[in-house]
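Heads up: the structure comes next, in structure tokens.
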Amino acid sequence: MHTISRGEKVLVSGANGFVAMWIVRKLLEKGYAVRGTVRSADKGKYLQDYFQSYGTKFEIAIVEDITKDGAFDEAVQGVHAIIHTASPFYFNAVSVDELLRPAVNGTVSILKSALEYGQRIKRVVVISSAASVSDFSVYKVLNEDDWNEPSVREIEEKGTDAPGHVKYFASKTAAER
């Protein structure tokens with residue numbers, strides 16, 4: 001398995017998210033170059049200001065809609081690794097698709113772009129959530145065979161009437177699958 005070397009460029013999607021900002025910071029501290037994706041120039045400006053001490057080691061790519069085919073085509077070019085964190089995170093979604101569609105299509109979109117345009121890519125990491133494997137009703141050791149089936153079933157049964165956290169949990173399960 002290939003590893004990336006210090007100085008090589010890592011793409012971090014959803015770079016303005018809580019977890020992603022810590023990932024960006026740690027990568028920069030370890031000497032990697034980072035390209036962070038955000039949905040708007042305003043979000044990008046905030047990150048550029050925040051990471052200004054790293055100069056040209058940090059750059060922004062605007063990806064307005066992660067669900068569109070080709071959304072990441074430009075962003076993946078020239079990078080050596082991808083850490084995909086972009087996914088909506090809020091509990092007041094009205095429809096299931098509000099969370100599910102961007103979670104699933106965003107993951108598929110970045111992977112397709114990586115295959116098509118990421119000639120230098122050596123590693124891809126998709127950040128998920130414990131919510132994809134557990135509804136937290138039973139505490140046990142979990143592994144790759146576990147999925148959050150209760151949340152998926154609840155969405156199928158209740159649709160838009162399901163609680164917000166269940167919609168989020170189901171979206172994470174679908175995106176990881």
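Just so it is clear, the structure is predicted and the values come from calculations on it, not from any experiment.
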From [atom1] ([X]) to [atom2] ([Y]), nearest 0.5 Å:
X: Glu149; Y: Glu156; atom1: CD; atom2: CD; answer: 8.5 Å
X: Thr37; Y: Glu74; atom1: OG1; atom2: CD; answer: 13.0 Å
X: Lys57; Y: Leu27; atom1: NZ; atom2: CG; answer: 11.5 Å
X: Glu8; Y: Ser5; atom1: CD; atom2: OG; answer: 4.5 Å
X: Thr173; Y: Tyr168; atom1: OG1; atom2: OH; answer: 10.0 Å

I'd like to check [X] versus [Y] (side-chain heavy atoms, cut-off strictly below 4.5 Å). Are they in contact?
X: Ile83; Y: Val10; answer: yes
X: Val76; Y: Leu11; answer: yes
X: Trp147; Y: Val152; answer: no
X: Gln119; Y: Gln77; answer: no
X: Leu47; Y: Met21; answer: yes
X: Ile66; Y: Asn105; answer: no
X: Ile121; Y: Leu115; answer: no
X: Glu154; Y: Pro163; answer: yes

Could I get the full list of salt bridge (charged side-chain N to carboxylate O under 4.0 Å, His left out) partners for [X], not counting sequence neighbours?
X: Lys68; value: none
X: Asp49; value: Lys45
X: Glu64; value: none
X: Glu59; value: Lys9, Arg35

- Query: So, Asp65 versus Thr67: side-chain donor-acceptor pair below 3.5 Å or not?
  - Reply: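 A donor-acceptor contact under 3.5 Å links the two side chains.
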- For Glu29, what residues pass the side-chain hydrogen bond (donor to acceptor under 3.5 Å, both in side chains) criterion, not counting sequence neighbours?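 Counting only residues at least two positions away or on another chain, Glu29 forms a side-chain hydrogen bond (donor to acceptor under 3.5 Å, both in side chains) with Lys26.
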- Can you sort out the partners of Ser113 under side-chain hydrogen bond (donor to acceptor under 3.5 Å, both in side chains), two or more places apart, ordered by chain and number?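 Checked Ser113 against side-chain hydrogen bond (donor to acceptor under 3.5 Å, both in side chains); matches are Asp73.
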What are the two closest heavy atoms between [X] and [Y], and how far apart are they?
X: Ala114; Y: Ile82; result: CB-CD1, 3.7 Å
X: Ile4; Y: Ala81; result: CD1-CB, 3.8 Å
X: Gly14; Y: Ala20; result: O-CB, 3.1 Å
X: Arg123; Y: Thr3; result: NH2-CG2, 3.4 Å
X: Ala162; Y: Ile155; result: CB-CD1, 3.7 Å

If the condition is side-chain contact (heavy atoms from CB on, under 4.5 Å), which residues does [X] pass it with, not counting sequence neighbours?
X: Arg120; result: His80
X: Thr107; result: His84, Leu111, Val126, Ala175
X: Asn143; result: Asp145, Asp146
X: Val19; result: Ile23

Indicate yes or no for a side-chain donor-acceptor contact from [X] to the backbone of [Y] under 3.5 Å, with no hydrogens or angles considered.
X: Lys167; Y: Thr160; answer: yes
X: Thr85; Y: Ser13; answer: yes
X: Ser109; Y: Gly106; answer: no

- Task: Output every pair passing ring pair (Phe, Tyr, Trp, His ring centres under 6.0 Å) with a member in residues 96-136, not counting sequence neighbours, ordered by first then second residue.
- Result: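 Output for this query lists Phe136-Phe169.
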- Item | Sequence neighbours excluded - ring pair (Phe, Tyr, Trp, His ring centres under 6.0 Å) pairs with any residue from residues 42-69 |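 Sorted pair list: Phe51-Phe58.
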- Query: Mind checking whether Tyr139 and Leu142 sit in one hydrophobic cluster, side chains of I, L, V, M, F, W, Y counted as touching below 4.5 Å?
  - Reply: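 No, no single cluster joins them.
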